[in-house]
Amino acid sequence: MSQKKFIAENKDRFISELADLLRIPSISTLAENKTDMSRTAEFIKDRLHEAGISDVTIYETPGHPIVYAEWLKAPDKPTVLVYGHYDVQPVDPVELWSTPPFEPVIKDGKIFARGATDDKGQMYMHIKSVETWLKTTGTLPVNIKFLIEGEEEIGSPNLEPFINAHKDLLKCDSVLISDTSLFAPGVPTLTYGLRGLCYMEVEVTGPNRDLHSGTYGGAVPNPVNILAQMIAKLHDKKGRVTIPGFYDDVVKLTKKERENFAKLPFSEKKYAAAIGVKQLQGEEGFSTFERTWARPTLDCNGIYGGFTGQGAKTIIPSKATAKISMRLVANQSPKKTGKLFEKYIREIAPKSVSIKVTDLHGGDAALTPLDNKASIAASKAMERAFGKKTVYMREGGSIPIVAAFQRILKAPTVLMGMGLNTENLHSPNEHFNLNHFLLGIESSAYFFDEFSK
Ligand code: BES
Ligand code: MN
Ligand code: MN
């Protein structure tokens, strides 16, 4: 039977298995979901067994378990390491979900649940593609290793040490990842760049307690006012980040790359309308794709302090806090950027307050070359499945472990994502287009074939 036919005949079962996986609330950042993390790892182990892979091990870590599996019965063929993550983001604000986040429902050809597109649905495609091979032919054209972690959404703190400690086990000729997006629905896409991340927290303390704002107002430093002024100083009028040295290590966009980005179809109007903003805004002299894919940026993710309850309360708050993250591009170091940030924050803070700066987490950016056998095989595989030419893009988001794969395993990494940036990842009503789920299974199956040639 052809692989296409096998996938078509089994699609209802594939989707109901995915729904079972989506029912487990594997939120990596919440302590209360700790046992759900192990349950998810066990679930994946069982599905790998059923797909025909007998060698599956769950490795405990100081955090959440790592699922590792291997099928190595093609001794003279290359080895593919499939990476994915089974952890998901928190669901808040939960009242904005149309249906409960861990009770998957299918509507208009999409499955709705937290983790549907990021990354359970995309990760599961590869397990189903291996099953498709083993059940239609009894074999695989390449050797396969699976590395599925539960800590991607918290910066993969235990994965790099694991890779370092298991270099031989993880040895491979390419790394295959589906945890990114298609350029547009139905358009096969290879992503070759990810941004990095440096996530900081700034706490400003003024008076030793909240004060009556009538009695004291005008005579003492107000941490909320001061923090707002400091944040405002982090960008100049041209939308550039003002931290000294911030741009020093940035790899410049090449003329060719700018030309390629400019050729991709894009409507500023539609883009703005889809997210409900009146106008786009960013660093002067760069297009939207350049700003989000290839330029470093700084954003305040949240700010709190003082009275935020109902109605009015007249105080000078004692404290104010901001969560500030910087997206980085290849060659910028998250640690170094964090230090530059802290130095500047201390420089612009008035003497009247005390400042605490914490580096919460970070991740390296990555640029993955396209002139290797794995990327060429992936492009062909997607063209076979989608019946269209592959498009190349970069991504503004981060997958922190990709740089470590390149650095430690020295294998080309293929980012063959099947999501859409409009599928509400990290937001309420996350979903995954089931047509892309099936095309992803097919693309993965063809990738193994193309890469074995
Ligand atoms: N799958 C995403 C990365 C991504 C985002 C791909 C948008 C395509 C479009 C990944 O799970 C993610 O959310 N990464 C975090 C990393 C962070 C928590 C260390 C990110 O980019 O914020
Ligand atoms: Mn992801
Ligand atoms: Mn994510």
Side-chain angles (χ1 to χ4, degrees), residues 1-7 9-10 14 17 44-59 66-84 122-149 162-163 166-179 190 368-385 390 401-402 405-406 408-416 418 438-453:
M1 190 194 298
S2 80
Q3 290 164 340
K4 203 181 177 68
K5 189 153 179 242
F6 182 87
I7 296 166
E9 281 183 3
N10 288 279
F14 289 178
E17 289 171 13
I44 293 166
K45 179 182 174 179
D46 294 345
R47 297 295 88 72
L48 281 160
H49 278 154
E50 285 167 11
I53 301 192
S54 52
D55 254 318
V56 189
T57 312
I58 293 180
Y59 287 88
I66 292 168
V67 184
Y68 173 78
E70 60 181 32
W71 185 99
L72 306 176
K73 295 176 189 167
D76 50 348
K77 292 290 182 181
T79 299
V80 177
L81 176 78
V82 174
Y83 163 83
Q122 296 204 53
M123 175 272 289
Y124 204 60
M125 299 181 311
H126 300 291
I127 299 181
K128 293 298 100 179
S129 123
V130 165
E131 174 185 326
T132 299
W133 265 100
L134 291 174
K135 294 200 176 152
T136 53
T137 67
T139 189
L140 276 157
V142 289
N143 298 295
I144 306 244
K145 298 177 176 179
F146 277 94
L147 181 67
I148 316 289
E149 72 156 321
F162 180 86
I163 297 171
H166 296 88
K167 279 187 205 135
D168 282 334
L169 184 75
L170 301 175
K171 199 169 176 300
C172 61
D173 301 291
S174 76
V175 180
L176 178 62
I177 304 176
S178 294
D179 190 24
L190 278 184
T368 70
L370 290 167
D371 56 349
N372 57 76
K373 284 186 183 150
S375 298
I376 294 164
S379 166
K380 282 189 186 154
M382 290 178 100
E383 287 176 5
R384 265 170 75 183
T390 299
I401 207 63
V402 168
F405 282 139
Q406 292 179 300
I408 304 167
L409 301 179
K410 299 190 169 54
T413 302
V414 174
L415 297 167
M416 193 174 79
M418 295 289 153
L438 299 171
L439 285 169
I441 299 172
E442 208 180 323
S443 301
S444 167
Y446 297 160
F447 172 77
F448 299 146
D449 178 44
E450 295 291 343
F451 192 54
S452 76
K453 287 177 186 167

*Asks:* Please confirm whether the backbone N or O of Thr79 pairs with a side-chain atom of Asp173, one donor and one acceptor, at under 3.5 Å?
*Replies:* yes
*Asks:* Regarding Gln3 and Tyr446, do their side chains bring together a donor and an acceptor under 3.5 Å, going by distance alone?
*Replies:* no
*Asks:* Pairs in or reaching into residues 122-140: which pass salt bridge (charged side-chain N to carboxylate O under 4.0 Å, His left out), with residues at least two apart or in two chains?
*Replies:* Arg13-Glu131, Glu17-Lys128, Lys128-Glu131, Glu131-Lys135
*Asks:* Could you check Arg384 against Asp449 for salt bridge (charged side-chain N to carboxylate O under 4.0 Å, His left out), going step by step and ending with a plain yes or no?
*Replies:* CA-CA 11 Å; Arg384 265 170 75 183; Asp449 178 44; 2.9 Å; yes
*Asks:* Treating Ser178 as the side-chain partner and Met416 as the backbone partner, does any N or O pair qualify as donor plus acceptor under 3.5 Å?
*Replies:* yes
*Asks:* State which residues pass side chain to side chain contact (heavy atoms under 4.5 Å, CB included) with Leu438; sequence neighbours excluded, sorted by chain then number.
*Replies:* Ile7, Lys11, Ile441
*Asks:* Short question: side chain of Glu383, backbone of Thr390 - any donor-acceptor pair under 3.5 Å?
*Replies:* yes
*Asks:* So does Met418 get a backbone contact from the side chain of Gln122, meaning a donor-acceptor N/O pair under 3.5 Å?
*Replies:* yes
*Asks:* Can any side-chain N or O of Trp133 pair as donor or acceptor with the backbone N or O of Ala445 at less than 3.5 Å?
*Replies:* yes
*Asks:* Give the ring-plane orientation class for Phe6 versus Phe14, where under 30° counts as parallel, over 60° as perpendicular and anything between as tilted.
*Replies:* tilted
*Asks:* Between Asn372 (side chain only) and Pro412 (backbone N and O only), is there a donor and an acceptor less than 3.5 Å apart?
*Replies:* no
*Asks:* For the side chain of Ser379 and the backbone of Ser375, is there at least one donor-acceptor N/O pair under 3.5 Å apart?
*Replies:* no
*Asks:* Could you tell me which residues satisfy side chain to side chain contact (heavy atoms under 4.5 Å, CB included) with His166, sequence neighbours excluded, listed by chain and number?
*Replies:* Tyr59, Phe162, Leu169, Leu170
